[in-house]
Amino acid sequence: MEGNKKKHPLYYTWNGIMYRCYKKYHSHYKYYGAKGVTVDERWHDFWNFVCDVDNHLLNGHLLYMKGYDLDKDLKGENTYSLNTCTVIRSSENQKISREKQKKSILVINENGSVKFESLAETCKQLGINRSTVISCIRRGSQHKSGYRFKYC
């Protein structure tokens with residue numbers, strides 16, 4: 001079973017999981033490792049991961065096909081493991097990811113505050129450019145309209 005793991009069809013699935021969870025320079029580390037998402041110790045070994053996908057994971061064979069992903073979120077877990085992961089369509093996984101990353105925005109002024117369900121809704125309702133709202137949030141500054149913004 002041992003061999004050049006980089007040539008194995010599941011290598012980039014496994015490698016992506018490991019990098020998102022443990023490599024601080026990975027672009028998605030902030031959504032995974034920085035939030036406490038880990039990989040079960042057994043899966044730190046690539047060949048154990050392959051063995052579990054091939055022999056124990058329900059519909060694991062679909063991971064060899066384009067358009068399917070390994071997902072831990074459907075079971076509400078923070079660990080990638082045989083017991084916490086499922087195989088789902090990539091389109092469904094992307095939809096789940098977008099929903100999780102959606103942040104509510106609290107808009108505050110002298111009259112009180114209003115909560116918007118997303119950055120897009122905030123910008124549309126107030127007629128303020130997206131980059132301007134993000135900039136105000138990052139700096140903690142007040143917009144010229146008098147609004148202050150916070151992520152909920």
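Note that CG of L106 and OG1 of T122 are 9.5 Å apart. Values are rounded to the nearest 0.5 Å. Taking CD1 from I105 and CD from E121, the interatomic distance works out to 10.0 Å, rounded to the nearest 0.5 Å. Rounding to the nearest 0.5 Å places OG1 of T86 at 10.0 Å from CG of D69. Rounded to the nearest 0.5 Å, atoms NZ (K35) and NZ (K30) are 9.5 Å apart. Distance check: C21 SG to H26 NE2 gives 9.5 Å after rounding to the nearest 0.5 Å. Separating the CE atom in M65 from the CZ atom in R89 is a distance of 8.0 Å, to the nearest 0.5 Å.
The side-chain heavy atoms of K23 and M18, taken from C-beta on, include no pair separated by under 4.5 Å. Using a 4.5 Å heavy-atom threshold, the side chains of Y80 and T38 count as separate. V39 is not listed as a side-chain neighbour of W14, based on a closest heavy-atom distance of 4.5 Å or more. For the pair N59 and H61, the minimum side-chain heavy-atom distance is below 4.5 Å.
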Step-by-step side chain to side chain contact (heavy atoms under 4.5 Å, CB included) determination, Y64 to D54: CA-CA 10 Å; Y64 288 89; D54 289 350; 2.6 Å; yes
Set out, in order, the CA-CA distance, both residues' side-chain angles and the distance that settles side chain to side chain contact (heavy atoms under 4.5 Å, CB included) for Y25 and Y19, then state yes or no. CA-CA 9 Å; Y25 56 81; Y19 270 63; 3.4 Å; yes
Side chain to side chain contact (heavy atoms under 4.5 Å, CB included) between I17 and K72: does it pass, once the steps are laid out? CA-CA 11 Å; I17 292 167; K72 60 162 184 47; over 6 Å; no
Apply the test side chain to side chain contact (heavy atoms under 4.5 Å, CB included) to residues L57 and D52: give CA-CA distance (whole Å), side-chain angles for both, the deciding distance (0.1 Å), then the verdict. CA-CA 6 Å; L57 184 65; D52 286 349; 5.8 Å; no
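Linking Ile, Leu, Val, Met, Phe, Trp and Tyr residues whenever their side-chain heavy atoms come within less than 4.5 Å leaves I108 and L126 in two separate clusters. Placement of L58 and Y68 in two distinct hydrophobic clusters is found when ILVMFWY residues are connected by side-chain heavy-atom separations under 4.5 Å, directly or transitively. Y29 and Y31 are members of different hydrophobic clusters when ILVMFWY side chains are connected at heavy-atom separations under 4.5 Å. Taking hydrophobic clusters as Ile, Leu, Val, Met, Phe, Trp and Tyr residues chained together by side-chain heavy-atom distances below 4.5 Å, I128 shares a cluster with V114.
For the residue pair N129/S131, the side-chain donor-acceptor check at 3.5 Å is satisfied.
In this structure, the side chain of S90 engages the main chain of G67 through a donor-acceptor pair within 3.5 Å. A donor-acceptor pair under 3.5 Å links the side-chain atoms of T84 to the main chain of T79, judged by distance alone.
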Acceptor/donor pairs from residues 135-145 side chains to any protein atom, 3.5 angstrom cut, sequence neighbours excluded:
residue	atom	partner	partner atom	Å
S135	OG	R139	NH1	2.3
R139	NE	S141	OG	3.4
R139	NH2	S141	OG	3.1
H143	ND1	S145	N	3.0
H143	ND1	S145	OG	2.7
S145	OG	Y147	N	3.4

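Between V53 and L63 the shortest heavy-atom distance is CG1-CD1, 4.0 Å. Of all heavy-atom pairs between G146 and N109, the closest is O-CB, 3.8 Å. Between L119 and V133, the shortest heavy-atom contact is CD1-CG1, 3.6 Å. For the pair L70 and N93, the tightest heavy-atom approach, listed with the atom from each and the gap, is O-ND2, 4.2 Å.
Crowding of R42 atom CZ: a count of heavy atoms from other residues, nucleotides or ligands under 6.0 Å exceeding 12.
Geometrically, K5 does not engage Y11 in a cation-pi contact defined by less than 6.0 Å to the ring centre and at most 45° from the axis.
Residues F49 and H8 place their aromatic rings such that the two centres sit no closer than 6.0 Å.
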